[in-house]
Undergrad: 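Encoded as structure tokens, here's the structure I'll be asking about.
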There are 2 protein chains.
Amino acid sequence: MKKEEIKNKFIDFLKLKSHRITNERLLILDSALEMKSHFDADELYFKMKKGFIRASRATVYKTLDLMSECGILTRHNFKGERSRYETKLGKSYHYHIICLNCSRIVEFEDPRIEILQKNICRKHNFELIDHTLQVFAVCKDKDMCIYYKKLKK
Amino acid sequence: MKKEEIKNKFIDFLKLKSHRITNERLLILDSALEMKSHFDADELYFKMKKGFIRASRATVYKTLDLMSECGILTRHNFKGERSRYETKLGKSYHYHIICLNCSRIVEFEDPRIEILQKNICRKHNFELIDHTLQVFAVCKDKDMCIYYKKLKK
DNA sequence: TTATATGCAAAGCCTTTGCAATCAT
DNA sequence: ATGATTGCAAAGGCTTTGCATATAA
């Protein structure tokens, strides 16, 4: 998705749900769009703070929830980790392989999965908002696996 | 998977990783295998307590982690919820649609997804342990959606 | 024998909540 | 005008940790 498209979608969503269009929400949206993949709430909060953009941690959390509900942001809950977010900016759907030893994350795409989700939702009478696929695995290449690298030391 | 198959896999895993085969671990494994789908750590802990099977909460958590690493148990982290677990007992791979309004969960199967994961892991040189796919959606059928049911009251 | 696992309670940590002040509509 | 939102700090709740004790190998 493109920046303007995302912004419009969020504003439309707020109007539709009778939520107010506040300065904070728009600032958080803008800042989130400037984050790199997989940021967490605090990273966003501190980035804004550093740029003298005011918004409380509570509002950041709440707004991220709204953005997720709106479908312009994906909230990932990898096992045991804090929630990580990812905007839909300039991305096609992608998924994650997570190494259970070293937590290395590899992204991969597969358009078939998205099509499959749409069909599943139609079949079960759901309106698709978002989806996430996590593959838990172990690096076979020991040189790639930070866990094994550590063990070597 | 079958009960004996799961138990053997866990014991082999413990041996392989030089973890000890303790009474607690085996009791927790047994109790987990008797849980219905989607239990959380505390549900298991209290179920054991009720049956006078001793194991501390800390050990329950640690053992569930081991079981997950071993691949006989899946740990789900649905957004905002506590971790929920599911053993591989008598199940084929299945996935979840979660309603963002009412949290209703619908399970579905699709063997193509499992095949796809295996290929992805081979391609990226990972050893597949587990995978989870979560579809976030909204019930279209308002009578099915507890959220809307509540609103009606 | 001895390194690992257990159990308890306490700490940790991410996230949510309550409430007074502020702001969008 | 007035109901929603914000911000702060404090509470909440799941999970992990530290340490003494117990135990598997």
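Throughout, protein chains are lettered first and strands after them, A, B, ... in sequence-line order, and every chain is numbered starting at 1. Note that these values count all heavy atoms, side chains included, but never hydrogens, waters or copies made by symmetry.
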Undergrad: Distance check needed: D:dC14 P versus B:Phe39 CZ, whole Å only.
TA: 16 Å
Undergrad: Can you tell me if the side-chain N/O atoms of B:Tyr61 get under 4.0 Å from OP1 or OP2 in D:dT15?
TA: yes
Undergrad: In whole angstroms, how far is the C1' atom of C:dT16 from the CG atom of A:Asp42?
TA: 14 Å
Undergrad: Ignoring hydrogens, what is the shortest heavy-atom contact between A:Ile28 and A:Met48? Give both atom names and the distance.
TA: CG1-CE, 3.8 Å
Undergrad: Rounded to whole Å, please give me the gap between CG in B:Leu27 and P in C:dG7.
TA: 10 Å
Undergrad: Is it true that the side chains of B:His124 and A:Glu107 contain a donor and an acceptor less than 3.5 Å apart?
TA: no
Undergrad: In whole Å, I'd like the distance from the CG atom of A:Asp40 to the P atom of C:dC13.
TA: 14 Å
Undergrad: The side chain of A:Ala58 lies closest to which of these nucleotides: C:dT15, C:dT17, C:dG7?
TA: C:dT17
Undergrad: Find which nucleotide of DNA chain D each of B:His19 and A:Tyr45 is nearest to by heavy atoms, and output the residue with the more 5' nucleotide.
TA: A:Tyr45
Undergrad: Give B:Ser83 one of three labels, base, sugar-phosphate or nothing, depending on what nucleic acid heavy atoms sit under 4.0 Å from its own.
TA: sugar-phosphate
Undergrad: Between C:dC8, D:dT5, D:dT15, which one does the side chain of B:Arg54 approach most closely?
TA: C:dC8
Undergrad: Where the side chain of A:Lys62 is concerned, which of C:dT15, C:dT17, C:dG7 is the nearest nucleotide?
TA: C:dT17
Undergrad: Has A:Arg25 got a side-chain N or O lying under 4.0 Å from the OP1 or OP2 atom of D:dT5?
TA: yes
Undergrad: Under 3.5 Å, is there a donor-acceptor pair between the A:Arg25 and A:Thr63 side chains?
TA: no
Undergrad: Could you tell me how far apart A:Lys79 (NZ) and D:dC14 (C1') are, to the nearest whole angstrom?
TA: 17 Å
Undergrad: Could you tell me if A:Asp130 and A:Tyr93 have a donor-acceptor pair between their side chains, going purely by distance under 3.5 Å?
TA: yes
Undergrad: In this structure, how many angstroms lie between the P atom of D:dT15 and the CD atom of A:Glu81, rounded?
TA: 15 Å
Undergrad: C:dC8, OP1 or OP2 - any side-chain N/O from B:Ser56 closer than 4.0 Å?
TA: no
Undergrad: Does the pair B:Phe136 and B:His96 meet the rule for a ring-ring contact (aromatic ring centres under 6.0 Å, His included), with working shown?
TA: CA-CA 9 Å; B:Phe136 302 104; B:His96 302 93; over 10 Å; no
Undergrad: Between atom CZ in A:Arg57 and atom P in C:dC14, what is the gap in whole Å?
TA: 9 Å
Undergrad: On a heavy-atom basis, which atom in A:Glu24 and which in A:Thr59 lie closest, and how many Å separate them?
TA: CB-CG2, 4.0 Å
Undergrad: Is B:Glu69 salt-bridged to B:Lys17, cutoff N-O under 4.0 Å?
TA: yes
Undergrad: So which protein nitrogen or oxygen atoms get under 3.5 Å of nucleotides 21-24 of chain C's nitrogens or oxygens?
TA:
unit_1	atom_1	unit_2	atom_2	d
C:dA24	N3	A:Arg20	NH1	3.2

Undergrad: Please report, rounded to the nearest Å, how far the P atom of C:dA3 is from the NZ atom of B:Lys17.
TA: 22 Å
